[in-house]
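Each remark here refers to the structure printed beneath this line.
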There are 2 protein chains.
Amino acid sequence: MVQYAKARLDASFAALSDATRRGVLEQLARADASITELAEKFHMTLTGMKKHVGVLEQAGLVTTEKVGRVRTCKLGLSGLGDEAAWIESYRQLWDARFDALDKVVEELKRKEKDDGE
Amino acid sequence: MVQYAKARLDASFAALSDATRRGVLEQLARADASITELAEKFHMTLTGMKKHVGVLEQAGLVTTEKVGRVRTCKLGLSGLGDEAAWIESYRQLWDARFDALDKVVEELKRKEKDDGE
DNA sequence: AGCATACTGAACCATTCGGTTCAGTATTTA
DNA sequence: TAAATACTGAACCGAATGGTTCAGTATGCT
C-alpha cells in the first residue's frame, strides 16, 4: 500500500471530524467568505470561527488572505486527494477481505453439493 | 448535495484521525486479531488498545465478538462508504470551483485577445 | 479626528482524548 | 484446584478541543 503522510492525514481527518468545519468547507465550495461571514452563518463568535479556520488551514484544506481589515477564506489546494486515496485503499482491502469470505462460502457450498452427490 | 448523518461522519472521521487506529484498520484488513495481539503490535497496554477498538467499533468501522476469554476484532460492515461519498462530493464542489475559475480566466484571455484585435 | 468594523491574542473553562495503573472477573490449562 | 491468560472497569493524568470573554490593533468611513 502507498505510504501517506501520517501527520497530514491526522490533521485533515481531525479537521473533518467536526460538523461545523465540514459546513465551512461546503460553504467555501460555494463562495469565498470572510471570518465574520462564516462566524455569523454558524452562530459563533469571531474568535471561535477563527480557530476553526485555523484548523482547516493547518490541514491544508483552506487558505486565507488578509486584504485591508478583511481576511478572506478560500478552499485550499489540497482537495482531499490523499484522504480520498487512503479511504479508497482501505475500501479495497475491505472488499478483498469480503471477496475472500465469499470464496470460502462458495467453497463450502461446493463441498456441500459434492458431499450430497 | 446528499444529506449525510452528521453524527456518524463525526464519529468515523474522528476515528480515522488517529494514526494508531488507522493502523489497526489496516491490520484487521489483513487478518482478524485479538485485543492482546493488537496491543502488542502497537506497543500499548491492553486497556489502551481496548479503548481504540471501542472508538472504531462505535464508528461502525470494526466489530468484535468475544468467545471464551478472547475478544476477536474484525473489520466492520460500514466499509467507509459514506465517508468516501462525502469526500467525493466535496471534491466535486472543489473541482467545480476551479472549473469556474478556469472559465473566468478563459473569458479574460478571450477579452484580452478581442481588445488586441 | 473620531467612530465603527474586522480581526487578533491571551486567558480562561469544561469536556474529551490518549494513555496509564491497579484491582478485579472469567476462562483455560496443568 | 491453582496458576496463567485475556479481558474489563474505575480512576487518574496531562494535553488538546471547542468554545467563550475581554482587551487590544489596524483599517475604513464621515
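Source: prediction; values computed, not measured. Note: hydrogens, waters and symmetry copies are ignored here, and every other heavy atom, side chains too, is used. Below, read A as the first sequence line, B as the second, and so on, with proteins coming before strands; counting in each chain starts at 1.
- Rounded to an integer number of Å, the gap from CG of Asp18(B) to P of dG18(C) is 5 Å.
- At whole-Å resolution of the value, CD1 in Ile35(A) and P in dT8(C) are 6 Å apart.
- Mapped onto DNA chain D by nearest heavy atom, Val67(A) and Val55(A) fall at different nucleotides, with Val55(A) at the one closer to the 5' end.
- Taking hydrophobic clusters as Ile, Leu, Val, Met, Phe, Trp and Tyr residues chained together by side-chain heavy-atom distances below 4.5 Å, Val70(B) does not share a cluster with Leu38(B).
- With rounding to whole Å, Met49(B) atom CE is found 14 Å from dT20(C) atom C1'.
- OP1 or OP2 of dT8(C) has at least one side-chain nitrogen or oxygen of Arg71(A) nearer than 4.0 Å.
- Residue pairs that meet the side-chain hydrogen bond (donor to acceptor under 3.5 Å, both in side chains) test with at least one member in residues 41-56 of chain B, sequence neighbours left out, are Arg21(B)-His52(B).
- What separates CD of Glu65(A) from P of dT8(C) is a distance of 13 Å, to the nearest Å.
- The nearest whole Å value for the distance from the NZ atom in Lys51(A) to the C1' atom in dA10(C) is 10 Å.
- In this structure, NZ of Lys66(B) is placed 13 Å from P of dT25(C), rounded to the nearest angstrom.
- Using a 3.5 Å distance cut-off with no hydrogens or angles, the side chains of Glu57(B) and Thr63(B) do not pair a donor with an acceptor.
- Counting to the nearest Å, the P atom of dG18(D) and the CD atom of Gln58(A) are 13 Å from each other.
- Residues Cys73(B) and Val53(B) share a closest heavy-atom pair of SG-CG1, 3.9 Å.
- For dG18(D), one of the phosphate oxygens OP1 or OP2 lies less than 4.0 angstrom from a side-chain nitrogen or oxygen of Arg21(A).
- Using a 4.5 Å heavy-atom cutoff, the side chains of Leu61(A) and Leu16(A) are in contact.
- For Arg69(B), whose side chain is taken as the heavy atoms from C-beta onward, the closest listed nucleotide among dG18(C), dC12(C), dT28(C) is dT28(C).
- Residues Ala15(A) and Ala59(A) approach most closely at CB-CB, 4.0 Å, considering heavy atoms.
- Considering only heavy atoms from C-beta on, Leu25(B) comes within 4.5 Å of Leu56(B) through its side chain.
- Contact check of residues 40-48 of chain A against DNA chain C (heavy atom, cut-off under 4.0 Å) returns Leu46(A), Thr47(A).
- A sub-4.0 Å separation between OP1 or OP2 of dG9(D) and a side-chain N or O of Lys50(B) is present.
- At whole-Å resolution of the value, NE2 in His52(B) and P in dC17(C) are 12 Å apart.
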